Peer 1: 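Okay, here's the structure, questions in a sec.
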Amino acid sequence: MHSAPTHREVTLVGILLFFLVFFFRGGHPAQVHPYALDDAAGAASSHTGGIPTLPTTARVSWGSDAVPRTKIIAHAPGWTIFDKMYLLNGTIYLVTSEPESFPDRKFITSTGINIANEAEMVAARLPTDKEMKIISPEEAKRLFGSGANRVQGVTWLANDPRQFITHYYHWSAELFFGFWRTYSSLDPLIPATGHTRLPPPRRLLFTHLDAAHWRDYASMNQWVLRTAFPSITMEFSADWADRSAMGVPFVFDRVLFADRAAAMRGANWGRTQRTASEPFALPGSPNWWSTFRNNVVEYSGLNSSVGVGTRGKPVITYISRQGWGRRMLIQEDHERLVEELYKLRDEYDYEVNVVSMDKLSRVEQLRLSGRTTIMMGVHGNGLTSLLWMKPSPRSTVMEFFFPGGFAHDYEYTTRALGMVHYGFWGNAAFTRPDVPPVSYPEGFQGNSIPIDGRVVARLCHQRITLADEADD
Ligand SMILES: *[C@@H]1O[C@H](CO)[C@@H](O)[C@H](O)[C@H]1NC(C)=O
Ligand SMILES: *[C@@H]1O[C@H](CO)[C@@H](O)[C@H](O)[C@H]1NC(C)=O
């Protein structure tokens, strides 16, 4: 039985309405949710591209108005920042009335299958309407209705398969190198201290990876992630499936969308084979990496300003692979190299460290790398530590290859940080622009790689004194 509302009920509803209106008018400071502070900081500085300033609500409702458009804030092949990216039923929707102003989706996303070189496998990576669709606001309205569930703040999304994730080099020097290079393009004024007003990403989202398969054998991935972004949370394929299976639309405030296969379609990849080389076409500070690097180094217990400039005691670190069983130096060449480095120590008072990274704790590795002026070793994962060096005019990476062999991995990464790289074939050293083509000759992976320790030591001294090679 329904009766007319009593006077008391009407009064109560009135009081409630009054508070609701007051609350949403901005009269109440509590409407600033503590986690919205990040976003407010981003919105306050226009050169960061502005973070959406929607109120902190679980749902974005446009009612009978037009569906808010997707904006592309930054884009390089494989690395795209969107504001208002939509997800429905497992498909990503980009809403625009100017589709011609958007890059072809094959430069944004892929089917996320394993990377293989055969033509049919390359073709099988091309995205379809199942992965991503660019639609008009009218079509969006028909699909989404009057609103969408809001995924707040900054999300970093990696659309890659497991293939390259569970490896320290690929995780840190490719995925996060590219993520941070793309994201930091929104703050091209980052100083050497690394200070930025960019809010840290709130969540890392993997569409094709399950929660048990992102760590690496050396357990560095989780250390790097949790020191760079201590409050980040993660979502995996099962969570993506959950969101997809709900059949309701989600709208992401801001997404940095990474896709390895899409990056491989870019021109820079053709030159470097480095997916993270693509976002270097975007604006960026020369100190772009310092935010990330300083966090990792400081949380590992090293003052991030150690190693700055060219006056401190130089630190030479030789990362040995002898005993690893694969890709090792000829044993007597290794011994001669160590001998020559110790001579430098005795003669010039340089600090010399000969280490096997797998024998050091994670903290020891990071602190040592963070203090290192010259890092050297045979091509391999140990050189990933160059990421934590403090770039200065003396900073140098020396990489030993089997003669005839070359790969861009550490060479490109070193240069992208503003440091100098030398490759070695026995007693011959080479550096940009005189680098050989990529090659993996027989012997590349073997245990009889030659090196002339005398030549290496002489180059160390040159680099530390910043002497011209011609003067030598
Ligand atoms: C959602 O996915 C199901 C199963 O693939 C499909 O039948 C349905 O048409 C989809 N709905 C929309 C709106 O795409
Ligand atoms: C790091 O070193 C610099 C220069 O010596 C110093 O000014 C700064 O206070 C140190 N930072 C910390 C956290 O100790």
Side-chain angles (χ1 to χ4, degrees), residues 34-35 37-38 41-42 44-45 48 168 172-173 176-177 179-181 183-184 187-202 219-232 284-319 344-345 348-353 355 357 360-376 383-397 413-414 416-420 460-461 463-466:
Y35 295 112
L37 287 173
D38 289 348
S45 83
T48 60
Y168 180 31
S172 304
F176 280 86
F177 211 66
F179 263 143
W180 187 255
R181 182 59 184 77
Y183 191 55
S184 67
D187 183 2
L189 303 175
I190 294 177
T193 58
H195 291 311
T196 178
R197 303 190 65 182
L198 292 171
R202 288 215 191 156
S219 301
M220 295 302 287
N221 288 3
Q222 54 270 42
W223 184 277
V224 168
L225 180 74
R226 306 288 182 210
T227 50
F229 304 116
S231 40
I232 202 163
S285 159
N287 304 302
W288 68 278
W289 183 241
S290 61
T291 317
F292 197 100
R293 180 259 175 201
N294 290 358
N295 275 358
V296 173
V297 160
E298 293 222 337
Y299 283 111
S300 306
L302 180 75
N303 185 322
S304 65
S305 62
V306 166
V308 74
T310 55
R311 310 184 64 157
K313 178 164 170 158
V315 178
I316 298 174
T317 301
Y318 163 33
I319 298 172
L344 283 181
R345 175 192 63 190
Y348 301 108
D349 195 30
Y350 300 160
E351 177 179 333
V352 171
N353 306 288
V355 296
M357 280 304 190
L360 301 183
S361 73
R362 298 184 291 189
V363 164
E364 285 167 336
Q365 289 182 45
L366 291 160
R367 284 196 207 147
L368 177 60
S369 320
R371 299 193 301 114
T372 292
T373 321
I374 297 184
M375 182 174 287
M376 65 177 71
L383 290 177
T384 302
S385 292
L386 71 88
L387 291 175
W388 319 117
M389 290 167 69
K390 181 94 188 165
S392 85
R394 305 190 295 190
S395 305
T396 309
V397 172
T413 310
T414 304
L417 294 173
M419 307 191 294
V420 173
C460 284
H461 185 58
R463 288 293 305 145
I464 286 168
T465 54
L466 296 175

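Keep in mind the model is a prediction, meaning the values are calculated, not measured. Both ligands and their constituent atoms are indexed starting at 1 by order of listing.
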Peer 1: Does the side-chain contact (heavy atoms from CB on, under 4.5 Å) test come out yes or no for Ser300 and Arg362, once each step is laid out?
Peer 2: CA-CA 8 Å; Ser300 306; Arg362 298 184 291 189; over 6 Å; no
Peer 1: Within the structure, does at least one protein heavy atom fall under 4.0 Å of atom 12 (C) of ligand 2?
Peer 2: yes
Peer 1: When you measure from atom 9 (O) of ligand 2 to the protein, is at least one non-hydrogen atom found at a distance under 4.0 Å?
Peer 2: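 Flag for atom 9 (O) of ligand 2 set to false, no protein heavy atom closer than 4.0 Å.
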Peer 1: Which residue and atom name correspond to the protein heavy atom nearest atom 1 (C) of ligand 2, and how close is it?
Peer 2: Asn303 ND2, 1.4 Å
Peer 1: Please report the interatomic distance NE2(His461) to CG(Leu344), rounded to the nearest 0.5 Å.
Peer 2: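 His461 atom NE2 to Leu344 atom CG measures 8.0 Å (nearest 0.5 Å).
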Peer 1: Do Arg463 and Thr396 get their side chains close enough for a donor-acceptor pair, meaning under 3.5 Å?
Peer 2: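 Side chains of Arg463 and Thr396: pair found under 3.5 Å.
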Peer 1: With respect to Phe177, which candidate in Phe292, Trp288, Tyr183 satisfies the ring pair (Phe, Tyr, Trp, His ring centres under 6.0 Å) definition?
Peer 2: Trp288
Peer 1: Look up atom 5 (O) of ligand 2 and tell me if a protein heavy atom lies less than 4.0 Å from it?
Peer 2: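 Within 4.0 Å of atom 5 (O) of ligand 2, no protein heavy atoms are found.
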Peer 1: Under 4.0 Å from any heavy atom of Ser305, which atoms of ligand 2 are there?
Peer 2: 1 (C), 2 (O), 3 (C), 4 (C)
Peer 1: Run the salt-bridge test on Asp187 and Arg197 with the 4.0 Å N-O cut-off and return the result as yes or no.
Peer 2: no
